[in-house]
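In what follows, a single structure is set out as structure tokens and then discussed.
Remember, it's a predicted structure, so these values are computed and weren't measured experimentally.
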Amino acid sequence: MLSTEELKNYIHNEIWTRLGNVSCSNLFFSEGSDNSVEGTYIFNKNNEYHILFTEKGKIRSDIVTDDKREVLWNAVEIFSTNIIMNFAICNREKGKDFRRTLFAKEKEIFSLFGEDFKKRKEKEIGEILKKNPYNDI
């Protein structure tokens, strides 16, 4: 089990190795609580990893796990959001569902972190598309 500081170093190393020197202003490697600044807090408490999200002075979610890859998954979601959205906006194709480009970039980024991330992201996108298929014009 990694300490909060070791977890921070692990996540930064994994992300920067694959995505470059990206940053996120609302991700904190410290314990969060009600009334904390809005954002996501990643920390180790009582030998459990917490991924805690605060908004409007309240804790909105607190994912607890003992798997550092699960913490990395959540961090990749946070760090990659702007990269994926900017790519999709700049590369949208007229008449095609915006999500085609968005999901393709998302799969590309998550596959950089291993086969497990690639398959999990493909499954997640597949579930979205079952409920809401592409809507090309």
Test item: [X] and [Y] side chains (from C-beta on) under 4.5 Å apart, heavy atoms:
X	Y	result
Arg99	Asn132	yes
Lys68	Leu7	yes
Tyr49	Met1	yes
Leu72	Ile15	yes
His50	Ile42	no
Glu106	Ile125	yes
Phe103	Leu129	yes
Arg60	Lys58	yes

task = Start with the C-alpha gap between Arg18 and Glu14, add the side-chain angles, then the distance that decides, and say whether salt bridge (Lys or Arg N to Asp or Glu O under 4.0 Å) holds.
result = CA-CA 7 Å; Arg18 290 162 180 80; Glu14 291 291 313; 3.0 Å; yes
query = Are Phe117 and Ile63 co-members of a hydrophobic cluster defined by side-chain heavy atoms under 4.5 Å apart?
reply = yes
query = Under a single-linkage rule joining Ile, Leu, Val, Met, Phe, Trp and Tyr whose side-chain heavy atoms are separated by less than 4.5 Å, which residues share a cluster with Phe28?
reply = Val37, Tyr41, Phe43, Leu52, Ile59
message = For Leu2, is there any backbone N or O sitting under 3.5 Å from a side-chain donor or acceptor partner on Asn44?
response = yes
inquiry  = For the backbone of Glu70 and the side chain of Thr65, can you confirm whether one donor and one acceptor N or O come within less than 3.5 Å of each other?
reply    = no
request  = Starting from the C-alpha separation in whole Å, work towards a yes-or-no answer on side chain to side chain contact (heavy atoms under 4.5 Å, CB included) for Ile51 and Val71.
outcome  = CA-CA 7 Å; Ile51 306 136; Val71 178; 4.1 Å; yes
Pairs involving residues 24-44, ordered by first then second residue, that meet salt bridge (charged side-chain N to carboxylate O under 4.0 Å, His left out) (sequence neighbours left out) = Glu31-Lys45
remark   = Smallest heavy-atom separation, Ala75 atom then Ile11 atom, equals CB-CG2, 3.6 Å
message = One thing to verify: whether Lys105 and Glu108 come together as a salt bridge, which I'm taking to mean a side-chain N less than 4.0 angstrom from a carboxylate O.
response = yes
message = Salt bridge check, Glu77 against Lys121: does any charged N sit closer than 4.0 Å to a carboxylate O?
response = yes
How many angstroms lie between atom [atom1] of [X] and atom [atom2] of [Y], to the nearest 0.5 angstrom?
X	Y	atom1	atom2	value
Asn9	Ser3	CG	OG	8.0 Å
Ser80	Leu112	OG	CG	10.0 Å
Lys96	Asn135	NZ	CG	13.5 Å

key: Residues Arg69, Tyr10; criterion side chain to side chain contact (heavy atoms under 4.5 Å, CB included); working and verdict   = CA-CA 10 Å; Arg69 295 278 295 165; Tyr10 163 73; 3.7 Å; yes
Check residues 84-93 and write down every donor-acceptor pair under 3.5 Å in which the side-chain atom is one partner and the other belongs to a residue at least two apart or another chain.
unit_1 : atom_1 : unit_2 : atom_2 : d
Asn86  : ND2    : Asn82  : O      : 3.2
Asn91  : ND2    : Phe87  : O      : 2.8

request  = Carefully, step by step, assess Asn26 and Thr40 under the rule side chain to side chain contact (heavy atoms under 4.5 Å, CB included).
outcome  = CA-CA 6 Å; Asn26 61 345; Thr40 303; 5.7 Å; no
ask   = Could you go step by step and tell me if Arg100 and Asp136 meet the side chain to side chain contact (heavy atoms under 4.5 Å, CB included) rule?
value = CA-CA 9 Å; Arg100 287 188 184 277; Asp136 297 324; 2.6 Å; yes
ask   = Which word best sums up how the rings of Phe110 and Trp73 line up, parallel for under 30°, tilted for 30 to 60°, or perpendicular for over 60°?
value = tilted
